[in-house]
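This report concerns only the one structure given below.
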Amino acid sequence: MFVTTYIFLDHFPDSIPECSYLNAQNESLKQKTCLVVHVLNAKGIRDTRWASWCRKINSDMMRAVSPTLNCPILHLLQKCKTFNTLKQVHAQMITTGLILHTYPISRILLISSSLSPLPYTLAIFSRAPNPSIFLYNTLISRLTVNNQVKLALSLYDQMLADPNLRPNNYTYPSLFKAFAAQQWFKHGQALHVHILKFIYPLRDNFVQASLLNFYSRCGRVDIARYFFDQIMEPDLATWNSILSAYARNSSVSLSGDPRLLDENTSSSLEVLNLFGHMQKSGAEPSEVTLVAIITACAELGALGQGIWAHVYIIKNALSLNHYIGTALITLYTNCGRLGFASQLFYQLPHTDIFCFNAMIRGLAIHGRGCEALDLFETMKHKGLTPDNVTMLAVMCACSHVGLVDEGRRYFELMTSIYGLKPKIEHYCCLVDLLGRAGLVKEAEERILTIPMKPNAVLWRCLLGAARVHGDLETGEVALKKLVELEPETSGNYVLLSNMYSCKKKWDDAKRVRQLMKERGVEKMPGSSLVEVDGSMHEFLAGDKSHPRAREVYLKLEDMNAKLQEHGHRARTREVLFDIEEEEKEEALSYHSERLAIAFALIATDSCTPVRIIKNLRVCVDCHSSTKLLSRIYGREIIVRDRTRFHHFNNGSCSCLDYW
DNA sequence: CTAGGGTTAG
């Protein structure tokens, strides 16, 4: 028999009230019962600071009263490593009658679920006399771990059918975790109703965190946030859940729809914002926390904050595991520090497929296509099997350096050797690869024969290719599809309008612009961020709001004069509107990255590389003038645009003019 | 008392 005692700590916040515990202990020994102690805080919630103290007291008492806990057979059970030894111990449990008791059954269920065939484990359960909610919870959880979600659900159903049993706090977290992994949104909502019915008021951090996480994994960060705000005292795992929710949400649309860009940025900022609250609340960050922070920094390009997180890990002796490693590699490659990334990569004690994928992609977006392919070979040599993401990075590597045949070959190898089914992203990459190399017609044919419905990203790839190679006909086809799929996205109209302008079809350009106006589509302003002395400065095109705007514009005049001296002719074909050549030139020279570069040139040391983060793709004119500027001012200029990096050095760019 | 939640690449 158990007697549960709750000790309130409201008047003794920092020390265990030994006397009340001892009184209760004497009482329970007299009655030969087992005392179970919990320490509660002033709000009546279990105080986790005393959890290990309680565990020790409780297990001491348990041993004194209940001999089955110290039973040698259970010790043997713990040591089982194979199905055969498990069967022997199981036999002993049956002959000794141990198998009739809840606790030993729960132990053997745990071990059996990882060693035995499924029916064996289920048989053990089905022979349990009057299985308790505890046994149901144990088995449900093991089934979800072994990916038997449907079985777990039917067990849950069976339990509901028993009028003596009601689900409790322990029933739901594993089920929601499994639903989250399967993205079963509807089923999850249905199960959520059960929580409302059976667990009220909902005050358990585990259940709330599992709900939060379920909704966030189904892409509903808004609902996740709602649940987070309901939680009175978030613990570490709860904080980690909400931080990861926003961090994950921040990179859903890499190289995709530019409209989602702002959403990504604000998600990442929210990670940092929430982290501030977390620190104020006194919760100690763990590795999981830092993965979320670093992921957010990688998305924002906030190198300074990211390095702070890296230093935090080292200072606080957190482990540099492969989760952290992958996140840091992504951070450094996204912030243009390819050297840091590869240094870290080679220092990691254990590199898995995630680390390799991050590093291969890192090399690819910096235009180090051949090194990316070498690393791919190393990875295969290590016995790691490439997956969808690896192949995407590999094809991306080929695309960025114009290795068309290799890219095509890898695409074929995907299915023939690695047994991977190309997803729409792979087709995008292939179209990109072909398009950039000038094989616009082949790219278009590919799109028409793919086994799924082409999405906007795919058409945008084709449109980009058509634009670079001036293929108006294909561009029009692509744009028609794009406007159907995304009538709100300004970039689509801008691209087509630019194409018409370039062919001097001013009327058509005007028509597109008019269409955009009629539909009320706002043009997305180009913005460039530049980090100077650890803080970020943002410039928009023609922006005069910066405190040092006067100096910046003076520098810009100097830059433009020098550019002309060095024979730069403005590539006006990218200017949207039907305006005079001279005005166009002026519009170009006030592009946001030109302002950012001007500012960096006056505000930083002459040997510091200039690092710019753009929200859109680099335009042709900026690309060629930045190349020239890197030579004129003898500065390395590193620009991160929407999809890749451009390292401008001494008059040339790492992208070799493919982008 | 034994059962439960949080991490990485696109």
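All values reported here derive from a predicted model rather than from experimental measurement. Below, chains carry the letters A, B, ... as their sequence lines are ordered, and counting in each starts from 1.
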What's the closest nucleotide to the Arg107(A) side chain, out of dA3(B), dA9(B), dG5(B)? dA3(B)
Would Tyr323(A) count as stacking on dT8(B) if stacking means ring centres less than 5.5 angstrom apart and planes tilted under 30 degrees? no
Name the closest nucleotide to the Ala358(A) side chain, picking from dA9(B), dT7(B), dG4(B). dA9(B)
Base, sugar-phosphate, or nothing: which does Asn169(A) touch, judged by heavy atoms less than 4.0 Å apart? base
With the criterion set at under 5.5 Å between ring centres and under 30 degrees between planes, would dT2(B) be stacked on Tyr103(A)? no
Is it true that Tyr156(A) and His194(A) have ring centroids separated by less than 6.0 Å? yes
Less than 3.5 Å between a donor and an acceptor, one on the side chain of Asn168(A) and one on the base of dA3(B), is that the case here? yes
What nucleotide among dT7(B), dG4(B), dA9(B) has an atom nearest to a side-chain atom of Val389(A)? dA9(B)
Rounded off to whole Å, could you give me the OH-to-P distance for the Tyr136(A) and dG4(B) pair? 18 Å
Phe185(A) and Phe179(A): aromatic ring centres closer than 6.0 Å? no
Is Leu236(A) touching bases, backbone alone, or none of the nucleic acid, heavy atoms closer than 4.0 Å? base
If I take atom CZ in residue Arg203(A) and atom P in nucleotide dG4(B), what distance separates them, rounded to the nearest angstrom? 23 Å
Would you say the side chains of Thr385(A) and Lys380(A) form a donor-acceptor pair under 3.5 Å? no
Considering only side-chain heavy atoms of Phe134(A), which listed nucleotide, dT2(B), dT8(B), dG10(B), is closest? dT2(B)
Taking atom types as they are modelled, would you say the side chain of Asp204(A) forms a donor-acceptor pair with the base of dG4(B) within the 3.5 Å cutoff? yes
Quick one: is Thr326(A) getting a side-chain N or O under 4.0 Å of the dA9(B) phosphate, OP1 or OP2? no
Which nucleotide wins on minimum distance to the side chain of Asn205(A), given the candidates dA9(B), dG5(B), dT7(B)? dG5(B)
Leu191(A) CG to dG4(B) C1', straight-line distance once rounded to whole Å: 13 Å
Nearest whole angstrom, please: distance from the P of dG10(B) to the NE2 of His426(A). 12 Å
Are any of Arg361(A)'s side-chain N or O atoms less than 4.0 Å away from OP1 or OP2 of dG10(B)? yes
Ser112(A)-Thr121(A) side chain donor-acceptor pair, cut-off 3.5 Å: yes
Which of these passes side-chain contact (heavy atoms from CB on, under 4.5 Å) with His90(A): Ile124(A), Leu98(A), Ile111(A)? Ile124(A)
Is Tyr170(A) stacked on the base of dA3(B) when the test is centres under 5.5 angstrom and planes under 30 degrees? yes
Atom CG of Asn137(A) to atom P of dG5(B): distance rounded to whole Å? 11 Å
d(CG, Leu165(A); C1', dA3(B)) in whole Å: 14 Å
When you measure from the side-chain N and O atoms of Arg217(A) to the phosphate of dG5(B), is any distance below 4.0 Å, counting only OP1 and OP2? no
Among side-chain atoms of Arg225(A) and Tyr246(A), is any donor-acceptor pair under 3.5 angstrom? yes
Closest listed nucleotide, where the reference is the side chain of Lys423(A) and the choices are dG5(B), dT2(B), dG10(B): dG10(B)
Is there a donor-acceptor contact under 3.5 Å linking the side chains of Asn168(A) and Thr171(A)? yes
Quick one: label Thr138(A) by what it contacts on the DNA or RNA (base, sugar-phosphate, nothing), any heavy atom closer than 4.0 Å. sugar-phosphate
Ignoring hydrogens and angles, answer whether the base of dG5(B) and the side-chain atoms of Thr238(A) contain a donor-acceptor pair closer than 3.5 Å. yes
Students often get this wrong, so: under 4.0 angstrom with heavy atoms, is Ser286(A) touching a base, only sugar-phosphate, or nothing? base
Atom-pair distance (CD1 on Ile313(A); C1' on dT7(B)), nearest Å: 11 Å
Starting at atom CG of Leu458(A), determine the distance to atom P of dG10(B), rounded to an integer number of angstrom. 19 Å
Using a 4.0 Å heavy-atom cut-off, does Arg142(A) contact any base of the nucleic acid, only the sugar-phosphate backbone, or nothing at all? nothing
In terms of side-chain heavy atoms of Leu392(A), which of dG10(B), dT8(B), dG5(B) is nearest? dG10(B)
